[in-house]
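Accompanying notes for the structure given below.
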Amino acid sequence: MAISKLKVAVAGLGRMGKRHAMHLLARTPRAELVGVFTPDASELAWGRANLEPFGVQLFTDYDEMLKIEGLQAVCIATVTTVHAEEAIKAIENDLHVLCEKPLSTSVEISRQVVEAARKKPHLKVMCGFSRRFDASYRDAFEKADSGMIGRPSIIRSQTCDKHDPGGFFVEYAKFSGGCFVDMSVHDIDLALWFFGEDSVVKSVAASGIVAVAPGLKQHGDYDNAVGIVEFFGGKVAYFFCSRMMAHGQEDTTEIIGTEGKLAVNANPQANFVNTYTSTGINREVPPHYYGRFEHAFVQEANEWTTACLDNTKLPMKLSGALRAVEIGSYLQEALRTGRKLYFDETGRIEHASL
């Protein structure tokens with residue numbers, strides 16, 4: 001008996017779009033990749049070479065792709081500025097959605113996606129926070145949730161990319177929303193996961209520098225930044241994001257509780273090989289985020305596909321993606337203005353209570 005397969009299309013064939021397409025084509029047994037969209041000529045050429053031979057249709061018009069007969073779902077991996085628009089169109093066409101993070105660089109536009117999804121509760125609409133699908137982070141969460149380290153009180157988490165002297169990140173900064181919204185949004189999501197989705201922000205502060213990519217200044221962005229978010233209930237999250245790492249990708253997290261600590265990827269390594277020579281003992285680290293989270297992305301595709309086909313619960317709420325963008329935006333504001341932001345249990349206030 002043939003298994004039921006989810007007919008899915010991918011929007012965008014850039015860095016992550018190519019990977020999503022290949023995951024759905026070859027590494028998600030219950031999915032059938034039926035179409036892809038991109039307006040970019042070089043991406044189309046890649047699609048012709050790598051996807052078209054397997055019967056995948058190519059489109060240069062997103063709306064036309066949505067008309068594929070029998071289409072059930074869309075994975076959105078286009079430029080960040082059109083994530084929300086494309087997600088809402090898919091939802092309005094009664095399609096399940098897996099959207100790359102963030103939903104939008106705008107809090108209000110992100111909220112529109114959440115509202116559109118709320119009107120169609122039968123659809124599985126998920127924002128791709130890949131670390132929630134990583135085996136190590138899941139193990140850490142289960143240990144924290146069991147009470148192993150007491151009450152999680154401090155989270156120290158970082159997203160640090162290998163330095164790219166070619167200028168990719170400077171060009172990307174035009175529409176990325178800034179380093180906290182683009183990079184630390186993963187760490188913010190982790191803080192909400194470990195502290196509790198209902199955690200309420202009390203204060204936000206941030207500081208940053210431009211150390212190796214002066215071109216970022218024209219976009220008001222930084223290549224290194226630190227943010228501190230205090231939550232009510234005695235919880236603090238410390239975020240560090242960097243595009244300056246010389247050695248490779250270094251995404252690490254510490255969850256410090258009242259009775260112990262958990263550390264994820266505290267000693268980054270690409271594999272289990274160490275080299276012993278006259279210069280000492282060395283190990284390689286992943287060269288980029290995909291080298292660290294490849295299997296998490298594949299797991300994400302499979303779990304989303306299963307939820308769509310079997311009508312099972314998604315592993316995260318879409319409202320959490322909105323909150324992550326909201327906190328990221330507060331961090332960007334604090335970084336840009338140099339001011340600490342304060343909140344009470346109901347929202348933003350101008351000054352801290354004395």
Side-chain angles (χ1 to χ4, degrees), residues 101-102 126-161 179-207 224-242 245 248-269 285-286 289 291-297 299-300 303 314-317 319-328 330-331 334 343:
K101 63 80 191 167
M126 187 173 83
C127 187
F129 286 106
S130 54
R131 294 179 200 186
R132 293 213 188 198
F133 299 89
D134 176 71
S136 295
Y137 276 107
R138 283 187 164 180
D139 183 39
F141 179 78
E142 288 171 7
K143 284 179 167 61
D145 196 46
S146 73
M148 180 180 287
I149 61 168
R151 179 174 58 85
S153 303
I154 303 289
I155 285 181
R156 185 163 49 197
S157 196
Q158 68 180 49
T159 296
C160 296
D161 292 337
C179 55
F180 284 118
V181 171
D182 177 50
M183 301 174 70
S184 293
V185 71
H186 283 293
D187 305 291
I188 296 166
D189 178 66
L190 289 174
L192 293 173
W193 191 22
F194 282 88
F195 280 162
E197 306 286 354
D198 58 349
S199 298
V200 178
V201 174
K202 186 176 181 180
S203 69
V204 175
S207 183
N224 288 268
V226 171
I228 297 176
V229 178
E230 180 185 9
F231 296 89
F232 283 96
K235 295 172 285 189
V236 175
Y238 169 101
F239 305 121
F240 171 45
C241 55
S242 174
M245 296 296 102
Q249 193 77 15
E250 188 175 343
D251 300 337
T252 66
T253 302
E254 291 178 292
I255 306 99
I256 303 163
T258 54
E259 298 173 25
K261 181 179 86 168
L262 294 164
V264 180
N265 200 39
N267 295 295
Q269 54 193 74
V285 301
Y289 69 96
R292 169 64 181 88
F293 294 109
E294 175 184 355
H295 296 292
F297 283 115
Q299 185 69 19
E300 173 187 81
E303 290 191 23
L314 290 170
M316 65 188 78
K317 296 178 180 178
S319 57
L322 170 61
R323 291 211 61 211
V325 172
E326 186 174 47
I327 294 171
Y330 290 145
L331 284 162
F343 305 79

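Below, all heavy atoms of this structure are taken into account, side chains as well, without hydrogens, waters or symmetry copies. Because the structure is a prediction, the values reported are computed rather than measured.
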| Partners meeting side-chain hydrogen bond (donor to acceptor under 3.5 Å, both in side chains) with T252 (sequence neighbours left out) | none
| field | All side-chain contact (heavy atoms from CB on, under 4.5 Å) counterparts of K317, not counting sequence neighbours | value | S319
| side-chain contact (heavy atoms from CB on, under 4.5 Å) involving F141 - partner list, sequence neighbours excluded | D145, W193, F194
| note | Sorted by chain and number, sequence neighbours left out, side-chain hydrogen bond (donor to acceptor under 3.5 Å, both in side chains) with S130 holds for none
| remark: Residues passing the salt bridge (charged side-chain N to carboxylate O under 4.0 Å, His left out) test with E254, sequence neighbours excluded, are R156, K261
| message | Tell me every residue that passes salt bridge (charged side-chain N to carboxylate O under 4.0 Å, His left out) with K101, counting only those two or more places apart in sequence or in another chain. | response | D182
| field | Partner set under side-chain contact (heavy atoms from CB on, under 4.5 Å) for E230, not counting sequence neighbours | value | K202, S203, V236
| task | Identify, with sequence neighbours excluded, every residue that meets ring pair (Phe, Tyr, Trp, His ring centres under 6.0 Å) alongside F195. | result | F231
| What residues form a ring pair (Phe, Tyr, Trp, His ring centres under 6.0 Å) with F133, not counting sequence neighbours? | none
| said: Checking the side chain of Q158 only, and the main-chain atoms of E250 only, is there a donor and an acceptor separated by less than 3.5 Å? | reply: yes
| said: Under the rule for salt bridge (charged side-chain N to carboxylate O under 4.0 Å, His left out), what residues qualify as partners of R151, not counting sequence neighbours? | reply: none
| task | Sequence neighbours left out, what passes salt bridge (charged side-chain N to carboxylate O under 4.0 Å, His left out) with E303? Give chain and number order. | result | R138
| Set of ring pair (Phe, Tyr, Trp, His ring centres under 6.0 Å) partners for Y330, sequence neighbours left out | F343
